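Along the sequence shown, residues are numbered consecutively beginning with 1. For clarity, every value in this text was computed on a predicted model and none was experimentally measured.
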Amino acid sequence: MKIGFLVIDMQAVHLQGVEAQMINNACEHINYVADLLRSNDHPVIQVQDIEGITEANRGEFDTISEIQIKDTDLMLTKEYSNSFWKTELEQILKDRGVELLIIAGNAAEHCVLFTYNGARERGFNTVILQNGILSKYQDVITATYRDRNLISHPVIKYMTNK
């Protein structure tokens, strides 16, 4: 089964107000899963929200240094909360034969949720990476875990063992 991994909006400009410890914990999980998937030839897609970017604030829109980006990662920019809206994401996933889409990143109540719903609407089997999402509000993360399909890194490791 081909697995795709979306890492959404892990940019300084969007992480303001999120606890540093939460960011570090999520980054550990994201990097671990990204490495598992890369090593088994599954696509890792780094999504960056560029709404409001200007020359003066361009650096704030870079992915934070705690997220490891490799040359094989695909980069996608978006201007809307749903990473599928007015982007080529759906075609990228179809071209690579992705059957299961794992979503991680920021913000659980906006871009993560809207992308999750957008993926489901397009027929992708979609899950949220446990301990891989962020929000300024802990109750939003709890609700996301309660109301959405989850996957843990040990399950991903099991699925990717050849």
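Side-chain atoms of T115 do not come within 3.5 Å of backbone N or O of V112 as any donor-acceptor pair. With T126 contributing its side chain and F124 its backbone, the two residues share a donor-acceptor pair below 3.5 Å. Between the D73 side chain and the K70 main chain, a donor and an acceptor come within less than 3.5 Å of each other.
Contact between R58 and I53 at its shortest, heavy atoms only, is NH1-CD1, 3.7 Å. Of all heavy-atom pairs between A104 and I30, the closest is CB-CG1, 3.8 Å. For A108 against I141, the heavy-atom pair with the smallest separation is CB-CG1, 4.4 Å. In terms of heavy-atom proximity, D49 sits nearest to C111 at OD2-SG, 4.2 Å. Between I23 and I64, the closest heavy-atom pair is CG2-CD1, 3.7 Å. Closest of all the heavy-atom pairs between D9 and Q48 is OD1-C, 3.9 Å.
A side chain to side chain contact (heavy atoms under 4.5 Å, CB included) with Y116 holds for exactly one of I133, I128, T144, N82; it is I128. In summary, of the residues considered (L37, V33, D41), a side chain to side chain contact (heavy atoms under 4.5 Å, CB included) with I3 occurs for L37 alone.
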Using the side-chain contact (heavy atoms from CB on, under 4.5 Å) rule, take I92 and I45 through it: C-alpha gap first, then chi angles, then the decisive distance, then the call.
-> CA-CA 10 Å; I92 289 169; I45 303 168; 4.0 Å; yes
Kindly determine whether M22 and Q138 satisfy side-chain contact (heavy atoms from CB on, under 4.5 Å), including the steps that lead there.
-> CA-CA 10 Å; M22 289 179 64; Q138 183 58 44; 3.8 Å; yes
For L93 and K2, run side-chain contact (heavy atoms from CB on, under 4.5 Å): C-alpha distance rounded to whole Å, both residues' side-chain angles, the deciding distance at 0.1 Å, then the answer.
-> CA-CA 10 Å; L93 297 173; K2 193 57 121 180; over 6 Å; no
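In this structure, E28 and N131 have side chains that are not in contact, with every pair of non-hydrogen atoms separated by 4.5 Å or more. With contacts defined as side-chain heavy-atom distances shorter than 4.5 Å, the pair L101/R120 does not qualify. Looking only at side-chain heavy atoms (C-beta outward), L74 and R96 come within less than 4.5 Å of each other. Proximity of L6 to L89: side-chain heavy atoms (C-beta onward) are separated by under 4.5 Å at one or more points. Counting heavy atoms from C-beta on, the side chains of M159 and I151 come closer than 4.5 Å. With a 4.5 Å cut-off on side-chain heavy atoms, I67 and N31 count as touching.
One hydrophobic cluster holds both I8 and L150 under the rule that ILVMFWY side chains link at heavy-atom gaps under 4.5 Å. V47 is not connected to V13 by any chain of hydrophobic side-chain contacts under 4.5 Å among Ile, Leu, Val, Met, Phe, Trp and Tyr, and they are in different clusters. Placement of Y158 and L100 in two distinct hydrophobic clusters is found when ILVMFWY residues are connected by side-chain heavy-atom separations under 4.5 Å, directly or transitively. When the side chains of ILVMFWY residues are joined at heavy-atom separations under 4.5 Å, either directly or via intervening members, L15 and Y137 end up in two distinct hydrophobic clusters. V18 and I103 end up in the same hydrophobic cluster when Ile, Leu, Val, Met, Phe, Trp and Tyr side chains are linked at under 4.5 Å.
Atom CD of Q16 sits about 11.5 Å away from atom CD of Q11, to the nearest 0.5 Å. With values rounded to the nearest 0.5 angstrom, E19 atom CD is found 11.0 Å from N25 atom CG. Interatomic distance, L134 CG to E109 CD, rounded to the nearest 0.5 Å: 10.0 Å. Between L113 atom CG and S135 atom OG the span is 11.0 Å, to the nearest 0.5 Å. Taken to the nearest 0.5 Å, the CZ atom of R148 stands 5.5 Å off from the CG atom of N117. The distance from the CG atom of L129 to the CZ atom of F5 is 5.0 Å, given to the nearest 0.5 Å.
No more than 12 heavy atoms of other residues, nucleotides or ligands lie within 6.0 Å of CE in M1, so this atom counts as exposed by the packing criterion.
Residue pairs meeting the ring pair (Phe, Tyr, Trp, His ring centres under 6.0 Å) criterion with at least one partner in residues 11-30, sequence neighbours excluded, are H14-F61, H29-H153.
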